[in-house]
Engineer: 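Take a look at this one; I'll ask things after.
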Amino acid sequence: MIRSAPTLTAILTRRIAFFAMVAMLVQLAVVFSDYYWNIGELSRLYVEQETERLASGVGGRDGAVTYRLPAAVGRRYAHPQTGYVARIRDGRGHLIFESCDDACESHFLPAEVNPPDFWLRTIKPGKPLTLVGGRAFQIGEQRILVDVATVGDPENLASGVFWNEILEHMIVPMSILLGLVLGATLMSVRRALKPVKAAADAAELIDPMDSRSHLPFEGMPREIAHLAVAVNRAFQRIGELMLSQRVLTSGIAHEVRTPLAAIKLELGRIDHPRARKAEADLDDLVHFVSQLMALARLDTFDHSTFEEIDLVVLCRGVAEQLAPWVYENKHSLEVFAQVEAAGVRAAPALLKDALRNLVENAVRHTPDSTKIIVRVGEYGIQVEDRQEVRLGSFVHQTRNAEGLGIGLKIVERIAELHKGSLRRTKSRHGHMFELLLPPGEPK
């Protein structure tokens, strides 16, 4: 759902483009109304553009002025009856081109008059345009005079003049301005959002169980930096709550174990079979309370305690500690290392608890003379209880005395904290539990 949401850059791009288009439309309406109703300005533009088209056909050869009617205006000035007439002269008044009869000559300035660089006279006010005007051009060393006139503007050249003005003086400049503004804005936004993106990437890697996790806010805009600081403050508060819960759990464990130890001490003074049975039940209760406290402490575990460890060394150390207890309960314990060294990043105390729980679970829920086999691989630990199975017999299974299987729950929780998993399989010889740990540093 988050990935389908548009980025801030895309949102800004769309909004800038939208409002730029709105601005261009508003300006187009203003320019349209200004030029469309301003007949004097439209007439001036008509004379300027039409005389420029006609003047483009002027050339020179051997010092003499030549003229070729441009193809763009050839049909309009092919003969005087088209509604458009023109006259082109040099600076001395010599005629170069003319598409006019005697009737239209009266509209132009007399040949003996030296015209100004630009002149315009409206014959009939309003639209369609009916006017006469002229313009002087300096082509090389020659001064060329171009006069034009229209009666009714049959081809509606005024519209072309209008749209040409819109294109040259509004659309092109506005497009360039839009491109520059859009590019500069996007570049500025990208640079401003770099630290925000870094914080977003860091947020995906944040571990609420790690007191060192926080959002970097260096270089952020002030408004967003306030949010990052608030999030960091919230995680700091979570760390304080985890610490207080850990202290509370330890206190409860101490308060419970003390009276249980006193009760066991008193029972030891009683020489009766029922007292021995009560002592065994009390040992199970002490073990169950210890498991409950261990499970509660896992919820407040801090991932900052992770370090590089060797599974082979860890498993051998735990086996040496548990071996006397395992043999005392009439079982055997063996450790096989499938690799010389298995380096993982984990919490040594948690992995020791997990292995200890798996071995204790195998001892408590299997018959006497069961082999407990611990295998150490590159990224995991296997604990198998192998029972002697005779032909036609079945594997002996005892009911879990704890009811909830809290020991295995602890192992599963430890596996989750390490981003791993606990697998359980059955065979004709017994059960196998496999604690898998992922390679690399857990998130």
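We use all heavy atoms of the structure for the numbers below, so side chains are in, but hydrogens, waters and symmetry mates are not. Along the sequence shown, residues carry numbers from 1.
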Engineer: Find the distance between NE2 (His94) and CD (Gln142) and round it off to the nearest 0.5 Å.
Structural biologist: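 Here the interatomic distance stands at 10.5 Å.
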
Engineer: In Å, rounded to the nearest 0.5 Å, how long is the span from CG of Leu408 to CG of Asn357?
Structural biologist: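 Going from CG on Leu408 over to CG on Asn357, the span is 8.0 Å.
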
Engineer: Determine, for Arg44 against Glu48, whether the closest basic-nitrogen to carboxylate-oxygen distance falls under 4.0 angstrom.
Structural biologist: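 The answer is yes: the pair qualifies as a salt bridge.
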
Engineer: Going by ring-ring contact (aromatic ring centres under 6.0 Å, His included), name the residues that satisfy it together with Phe97, two or more places apart in sequence or in a different chain.
Structural biologist: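 Residues passing ring-ring contact (aromatic ring centres under 6.0 Å, His included) with Phe97: Tyr67.
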
Engineer: Can you find a heavy atom in the side chain of Leu436 that is under 4.5 Å from one in the side chain of Arg423?
Structural biologist: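 SC-SC contact between Leu436 and Arg423 confirmed.
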
Engineer: Looking only at side-chain N and O atoms, does Tyr77 offer a donor or acceptor that is under 3.5 Å from a partner on Glu98?
Structural biologist: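 Their side chains do not contain a donor-acceptor pair, so the 3.5 Å distance test is not met.
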
Engineer: Which heavy-atom pair separates Ala346 from Leu351 by the least distance, and what is that distance?
Structural biologist: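 Answer, listing the atom of Ala346 first, then Leu351: CB-CD1, 3.7 Å.
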
Engineer: Do NZ/NE/NH1/NH2 and the carboxylate oxygens of Arg135 and Asp147 come within less than 4.0 Å?
Structural biologist: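 No salt bridge links Arg135 with Asp147.
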
Engineer: In chain order, what residues pass the side chain to side chain contact (heavy atoms under 4.5 Å, CB included) check against Val313, with sequence neighbours excluded?
Structural biologist: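 So Val313 forms a side chain to side chain contact (heavy atoms under 4.5 Å, CB included) with Asp310.
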
Engineer: Which heavy atom in Leu311 sits nearest to a heavy atom in Gly377, and how many Å separate them?
Structural biologist: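 Minimum heavy-atom separation between Leu311 and Gly377: CD1-O, 4.2 Å.
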
Engineer: For residues 149-164, which residue pairs qualify under salt bridge (Lys or Arg N to Asp or Glu O under 4.0 Å), counting only residues two or more places apart or in two chains?
Structural biologist: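 For residues 149-164, and leaving out neighbouring residues, the salt bridge (Lys or Arg N to Asp or Glu O under 4.0 Å) pairs sorted by first residue read Arg75-Glu155, Arg76-Glu155.
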
Engineer: Using side chain to side chain contact (heavy atoms under 4.5 Å, CB included) as the criterion, point out the one residue from Val359, Val383, Val376 that pairs with Cys315.
Structural biologist: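 When Val359, Val383, Val376 are each tested with Cys315, the side chain to side chain contact (heavy atoms under 4.5 Å, CB included) holds only for Val376.
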
Engineer: Let me confirm one number: the CG-CD1 distance from Asn361 to Ile372, rounded to the nearest 0.5 Å.
Structural biologist: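 Here the interatomic distance stands at 9.0 Å.
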
Engineer: Taking C-beta and beyond as the side chain, do Pro154 and Tyr84 meet within less than 4.5 Å on heavy atoms?
Structural biologist: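 Touching, per the 4.5 Å side-chain cut-off.
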
Engineer: Among Val148, Val85, Leu145, which one satisfies side chain to side chain contact (heavy atoms under 4.5 Å, CB included) with Phe108?
Structural biologist: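 For Phe108, the side chain to side chain contact (heavy atoms under 4.5 Å, CB included) test succeeds with only one of Val148, Val85, Leu145, which is Val85.
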
Engineer: If you measure from the Lys or Arg side-chain nitrogens to the Asp or Glu carboxylate oxygens, is any gap between Arg375 and Glu384 under 4.0 Å?
Structural biologist: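 Yes, charged N to carboxylate O under 4.0 Å.
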
